[in-house]
K.L.:
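Please read through the structure below; I'll follow up with questions.
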Number of protein chains: 2
Amino acid sequence: MSRSSLSNPLALAVLATLSEEPMHPYRITQVLRERGKEHSIRLNWGSLYSVIASLEKNGLIEATHSERAGSRPERTVYAVTDAGREAALSWLRRIIEVPAKEYPDFEAGLSLIMLLGPDEAAALLTRRLEGLDARIADARAAQDLPLPEIFLVEARFELAMLEAERAFVADLVARLATGRVDGQDLWAEMHRRLAQGDSIAQLVAEFDDHLWKEGTGARPGPSGPTPPTTES
Amino acid sequence: MSRSSLSNPLALAVLATLSEEPMHPYRITQVLRERGKEHSIRLNWGSLYSVIASLEKNGLIEATHSERAGSRPERTVYAVTDAGREAALSWLRRIIEVPAKEYPDFEAGLSLIMLLGPDEAAALLTRRLEGLDARIADARAAQDLPLPEIFLVEARFELAMLEAERAFVADLVARLATGRVDGQDLWAEMHRRLAQGDSIAQLVAEFDDHLWKEGTGARPGPSGPTPPTTES
DNA sequence: CTCCGGATACTCGACTCAGAGTATTACTCG
DNA sequence: CGAGTAATACTCTGAGTCGAGTATCCGGAG
């Protein structure tokens, strides 16, 4: 979907839910929660109403009527339009077919990890393993349900990705502990010299030169050196 | 970081870059790109300037002076403050230590996959494998550099996660092809009846009842049934 | 019967995101 | 020398986020 269109998967979930039958917004959220969709799709009140406003504006849903239950506030019932059904299917096909570039925070953190000393980084990564074990236990429990797999496919995906991340972190931690990460000595030396008062600018200049000189000459991605900050 | 603070990793990258030496915004982006950081951190012009405005407002960076290169537009040079260095380190420690809940589009798509027929879903997933193979080849090439591993750790992480996703999708595709996904028959039958003109509401009622009756009684997450939409 | 807390239904406002946009300079090539 | 394009430096605006907010009803407990 183009930038001028919706991009929040919650909009897709709203379209899907309204394809069953017309509903008011609060009820849509109830149905999504009953089905456990909040584990895979961010469900926030503010987002829900702005997404609904945008879907209506784009002609993908339409308000059919207002109703009320007892003396409670009136609520607006929406129905999906034919255009909305089409848009939902197109959007879902694209999501399933084309891998999207995501930017997880952890990957960003790893790209800047040299700001921390190697020992500190190793300790934090070790603690991350504990957090991942807890997440994995939760994800396994989420599948311990009397449901056919087809209803649990996204939970199995989440578990698979958590296990992959855990394996990666465990391996990195183990190799850091025994000095088997290439560049680890340089990393440690940078932090020793920082602690002794060397300036970052100087270290960057020295370090930079030391590395690129042995390389191909052209400076490549992904990671050039990101030196540590001085800590007061 | 609390909601009133920054959450975009680009802000962290800006703080890290300014810890080396003061720079103007355009130069910060140049340095981040030279180091290949755009593979792990979203780099958008709009975001960069708003992040810089916010860092300044929060006292994490400060404008030191304006300068100009030749007759080009003036540019403001920023320096990190002591508070900024501290904030950067705290934030990075948290990112490395604590696994964050991410909501990848693919997981959202999987949670709604029954909107598509099983044959169509299998075909789209097969095409996804091709896209993943291309991404994996790119990720492998990104590490084929004369750099120590410590500069490539985030690229190795990305590769590990892509390979895990690929394994998951390949397994799912293989089992769909041979009818070994529990619930696959129900899924196919729903789509056969939709094609014959049965209403979604009716299918949902029947289907819902069929499943939950055999369960524990309480409706659990993660996935209750999400029935398909009618396609005109 | 009264009180209280959860449920119901939705809004607000500050902030962030993102991609296209503007304006000017400088360099390269014909 | 002029034209065209890339580089430089930044802005704009619509969309999205989010967490707290508002207002009222309803059901359960005392």
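Naming convention: chains lettered A, B, ... in sequence-line order (proteins, then strands); numbering from 1 in each chain.
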K.L.:
CG of A:L60 versus P of D:dA15: gap in Å, rounded?
P.N.:
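So the two atoms are 13 Å apart, to the nearest Å.
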K.L.:
To the nearest Å, how far apart are B:M23 CE and D:dC10 C1'?
P.N.:
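Result: 18 Å.
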K.L.:
Nearest-Å distance, CG (A:L43) to P (D:dG16)?
P.N.:
16 Å
K.L.:
Using the salt bridge (charged side-chain N to carboxylate O under 4.0 Å, His left out) rule, pick out the option among B:E21, B:E34, B:E20 that qualifies with B:R27.
P.N.:
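The residue from B:E21, B:E34, B:E20 that satisfies salt bridge (charged side-chain N to carboxylate O under 4.0 Å, His left out) with B:R27 turns out to be B:E34.
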K.L.:
Among B:V14, B:L15, B:L60, which residue satisfies the side-chain contact (heavy atoms from CB on, under 4.5 Å) criterion with B:V80?
P.N.:
B:L15
K.L.:
To the nearest Å, give me how far apart OH (A:Y103) and C1' (C:dC17) are.
P.N.:
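Rounded to the whole Å, the gap is 13 Å.
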K.L.:
Within the pair B:S50 and C:dT16, is there a side-chain N or O less than 4.0 Å away from OP1 or OP2?
P.N.:
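Looking at the OP1 and OP2 atoms of C:dT16, neither is under 4.0 Å from any side-chain N or O of B:S50.
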K.L.:
Taking OP1 and OP2 of C:dT16, is either one under 4.0 Å from a side-chain nitrogen or oxygen of B:S54?
P.N.:
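Yes, within the criterion.
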K.L.:
Taking CD from B:E56 and P from D:dC10, how many angstroms apart are they, rounded to a whole number?
P.N.:
12 Å
K.L.:
Side-chain N or O of B:R42 versus OP1/OP2 of C:dA18: is the shortest distance under 4.0 Å?
P.N.:
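Checking C:dA18 against B:R42, a side-chain N or O does come within under 4.0 Å of OP1 or OP2.
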K.L.:
Check whether any side-chain heavy atom of B:E102 lies under 4.5 Å from a side-chain heavy atom of B:E107, and answer yes or no.
P.N.:
no
K.L.:
How far does the helix from C:dC1-D:dG30 to C:dG30-D:dC1 bend, going by the axes of its first and last five pairs, to the nearest 10°?
P.N.:
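Both end axes considered, the difference amounts to 20°.
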K.L.:
Quick check against the 3.5 Å criterion: does A:S111 have a side-chain atom that pairs as donor or acceptor with the backbone of B:E154?
P.N.:
no
K.L.:
Starting from P on C:dC15, measure out to CD1 on B:I52 and report it in whole angstrom.
P.N.:
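B:I52 atom CD1 is separated from C:dC15 atom P by 18 Å.
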K.L.:
What distance do B:R94 atom CZ and A:D105 atom CG have between them, rounded to the nearest 0.5 Å?
P.N.:
10.5 Å
K.L.:
May I ask you to decide if the ring planes of A:Y26 and A:W45 are parallel, tilted or perpendicular, using 30° and 60° as cut-offs?
P.N.:
parallel
K.L.:
Think B:N44 has a side-chain N or O under 4.0 angstrom from the OP1 or OP2 of C:dG19?
P.N.:
yes
K.L.:
B:I28 CD1 to D:dT8 C1': how many Å, rounded?
P.N.:
15 Å
K.L.:
With heavy-atom distances below 4.5 Å as the criterion, would you say the side chains of A:L159 and A:E163 are in contact?
P.N.:
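Side-chain contact under 4.5 Å: yes.
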K.L.:
Rounding to an integer number of Å, can you tell me how far A:K57 NZ sits from D:dG14 P?
P.N.:
8 Å
K.L.:
So, does A:N8 get its side chain near the phosphate of D:dT17, meaning an N or O under 4.0 Å from OP1 or OP2?
P.N.:
yes
K.L.:
Apply side-chain contact (heavy atoms from CB on, under 4.5 Å) to A:T76 and A:I52, showing your working.
P.N.:
CA-CA 11 Å; A:T76 306; A:I52 285 172; over 6 Å; no
K.L.:
Would you find a donor on one side and an acceptor on the other, under 3.5 Å apart, between the side chain of B:E38 and the backbone of B:T29?
P.N.:
no
K.L.:
Polar atom pairs between nucleotides 5-9 of chain C and protein, under 3.5 Å, N or O only, would you list them?
P.N.:
| residue | atom | partner | partner atom | Å |
| --- | --- | --- | --- | --- |
| C:dT8 | OP2 | A:Y26 | OH | 3.2 |
| C:dT8 | OP2 | A:Q30 | NE2 | 3.3 |
| C:dA9 | OP1 | A:R75 | NH1 | 2.1 |
| C:dA9 | OP2 | A:H24 | NE2 | 3.2 |

